[in-house]
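Structure first, then comments.
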Amino acid sequence: MLGYALGVSCIVLIVGAWFLLTLGEEAESRIISPTILQSPWEVVASLPSLIIERKLLESIGATLWRVILGFSLAVLIGVPLGMAAGTWRSARAFLAPVVLYGRNMPLAALIPLTVLWFGIGEFQKVMFIFIACVPFITADAASAVMGIHDRYVETAQTLGASSRQIAFKVLAPLALPDIFVGLRHLFGLAFGYIMLVELFDAKAGLGYLISVSQRLGPRAHIYLILIIIGILAYGIDRLLAFFQRGLFPYRSEE
Amino acid sequence: MTDDKSVDNNPQVAEGKVAAVATEAGDKNSRAEGLSRIVEFKNVTKRFGDGPDAFTAVKDINFAVEDLPGRGEFVAVLGPSGCGKSTVLRLIAGLAPHHPATSGEVLVGGKPIPGPGADRGMVFQDYTSFDHRSVLDNVAFGLECRGVDKAARYELARQWIGKVGLSVDKDADKYPHQLSGGMRQRVAIARTLILRPRIILMDEPFGALDPSTRLRMQDLLIELWRELEATVFFVTHSIEEAVYLGDRVYILSASPGTILEELGVPYPDFPAKEMQRDPHFLDYVFKIRDTIESLESSDRAGDD
Ligand SMILES: Nc1ncnc2c1ncn2[C@@H]1O[C@H](COP(=O)(O)OP(=O)(O)OP(=O)(O)O)[C@@H](O)[C@H]1O
Ligand SMILES: [Mg+2]
């Protein structure tokens, strides 16, 4: 409860500072010029034009769809690979170079590369998210499995479990809650990544809307979109947390 | 079996048994002739690492435990911290990196062991429950691995949940995080004993429990062990626990561990709480405490 109150007061503080910095009717009387930062009210007031003229909802849909598609693909490939890497030393050794390389890959370089491979379009954007996320998801899944205490494996062995049974009945289910937490964080990251390709070129999407607002105005839209992105990311995280509680009732802590 | 019981009910004769074990300890070989040996260590040494950094955990361990028909022996293992008690247990269990021994032979039923197996169940002190499984599914785990069908394994698991003193109605569907430490140890014991292993290895299983829970668990264990007729190796830091539970107590020397003393102790006839107050019982505890102290001081003298 106290934590909640502190969080709210932080937001109030930021909005309050924003309000003071942009206080005044004329541009000259403001501390920060309205061409750079508009007042909170001006930003909110630009919402109807963002929704109607710039088709906000369509762009939200386009962005979410790309992220969800690319990320799901990355989960489908990365989680099993990572779990295998966590379970078997040989799989770990085999995958190590790809994971290490992939995690240190500069994302900016990945954009021209994916354009080269997949052209410009939806597929390229989905693949960009996929390639950017797979190494992280794999590494997270592997470390979740490796973080499981040996005692569980030993207990299972002395109860007659085969290594296959240990992998599927002990390691995988014990690692899944941690993997899920990792995926929640990485999804937020992926949501940020997609903006990069959308700024670069797109016909819809939140990143595209930002670049349009920057070029054609109104600038207030940029701030509005950033706020909307924050709210969306928060909503998605809460949704995933809700699923997490349902999926893993045996985890007492969040 | 019945003979054993009547003998043990008489403290006088029970002491006689102790004396007999003590004198026979000298010629174990002749005593063991007619019986098969369920666990035997022959000059077992375990070294970790190699070269100048090698560390000898246990050295030249020799002992044999007979397969007492229809009974099984309860061996308590005492010794200072780091002397190799867990190493001995894990060598019997076949768990890496302690298994295999660097030299010597670890024999179970006369044969070298290939690795861990359900014939040698092990109960640890911590991380004992599979957190993602309900109590029922924890207890049924080994049967599930054997391919026993659901109805049969749940039936048996419910019986064992009752046997270890948990409530079938209230506790069976709980997850481990909803249980106390003592309850979790009960689950771990049920999960191991349901498979009826010939050998039960317990590494300080009650070490983290409060004193009164601990006494109750000791009584439970004795009761279940009598029913199972298995050979038990029980590591503990509590001399009282060792004397109460054990038929025999092994005392290991400080690192590198070697078995220094093997003592017969009275059979537990009364509930732990009463018996552990008995003057006769306390005599054994003090005797062992003195033995350990003299071993430690001679050890120190040897080091100088
Ligand atoms: N995997 C390992 N690698 C290296 N050394 C080890 C390993 N396992 C145990 N040892 C060493 O071997 C010695 C014996 O260890 P062990 O765990 O058997 O002792 P213990 O008698 O069970 O001690 P405690 O009473 O503290 O549980 C210790 O000095 C320990 O440091
Ligand atoms: Mg130990």
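Any value given below was found using the heavy atoms of this structure, including those in side chains, with hydrogens, waters and symmetry copies removed. Each chain gets a letter, A, B and so on, in the order its sequence line appears, and its residues count up from 1.
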Take atom [atom1] in [X]; do more than 12 heavy atoms of anything else shown fall under 6.0 Å from it?
X: Trp18(A); atom1: CH2; result: yes
X: Arg47(B); atom1: CZ; result: no
X: Phe48(B); atom1: CZ; result: yes
X: Arg196(B); atom1: CZ; result: yes
X: Asn104(A); atom1: CG; result: yes

Go through Gln157(A) and Leu95(B) one step at a time and tell me if the side-chain contact (heavy atoms from CB on, under 4.5 Å) criterion holds.
CA-CA 8 Å; Gln157(A) 284 177 327; Leu95(B) 292 173; 3.3 Å; yes
A side-chain contact here means heavy atoms from C-beta on lying under 4.5 Å apart; do [X] and [Y] qualify?
X: Leu159(A); Y: Thr192(B); result: yes
X: Phe130(B); Y: Thr155(A); result: yes
X: Arg151(A); Y: Asp126(B); result: yes

Name the option with the most non-hydrogen atom pairs under 4.5 Å to chain A; the candidates are [options].
options: Ser134(B), Ser129(B), Cys145(B); result: Cys145(B)
options: Lys174(B), His132(B), Arg146(B), Arg133(B); result: His132(B)
options: Leu143(B), Asp131(B), Leu195(B); result: Asp131(B)

In a table with atom names and distances, give each donor-acceptor pair under 3.5 Å that connects a side chain of residues 166-178 of chain A to protein atoms at least two apart or in another chain.
from: Lys169(A); atom 1: NZ; to: Glu144(B); atom 2: OE2; distance (Å): 2.7
from: Asp178(A); atom 1: OD1; to: Arg251(A); atom 2: NH2; distance (Å): 3.0

Using the ring of each side chain (for Trp, its six-membered ring), is Tyr127(B) parallel, tilted or perpendicular to His149(A), with breaks at 30° and 60°?
parallel
Under 4.5 Å from a heavy atom of chain A, the part of Ala188(B) involved:
neither
Give me each pair satisfying side chain to side chain donor-acceptor pair (under 3.5 Å) with a member in residues 178-191 of chain B, each pair once, sequence neighbours excluded.
Thr128(B)-Gln185(B), Asn138(B)-Arg191(B)
Contact part of Gln165(A) toward chain B, heavy-atom cut-off under 4.5 Å: side chain, backbone, both or neither?
side chain
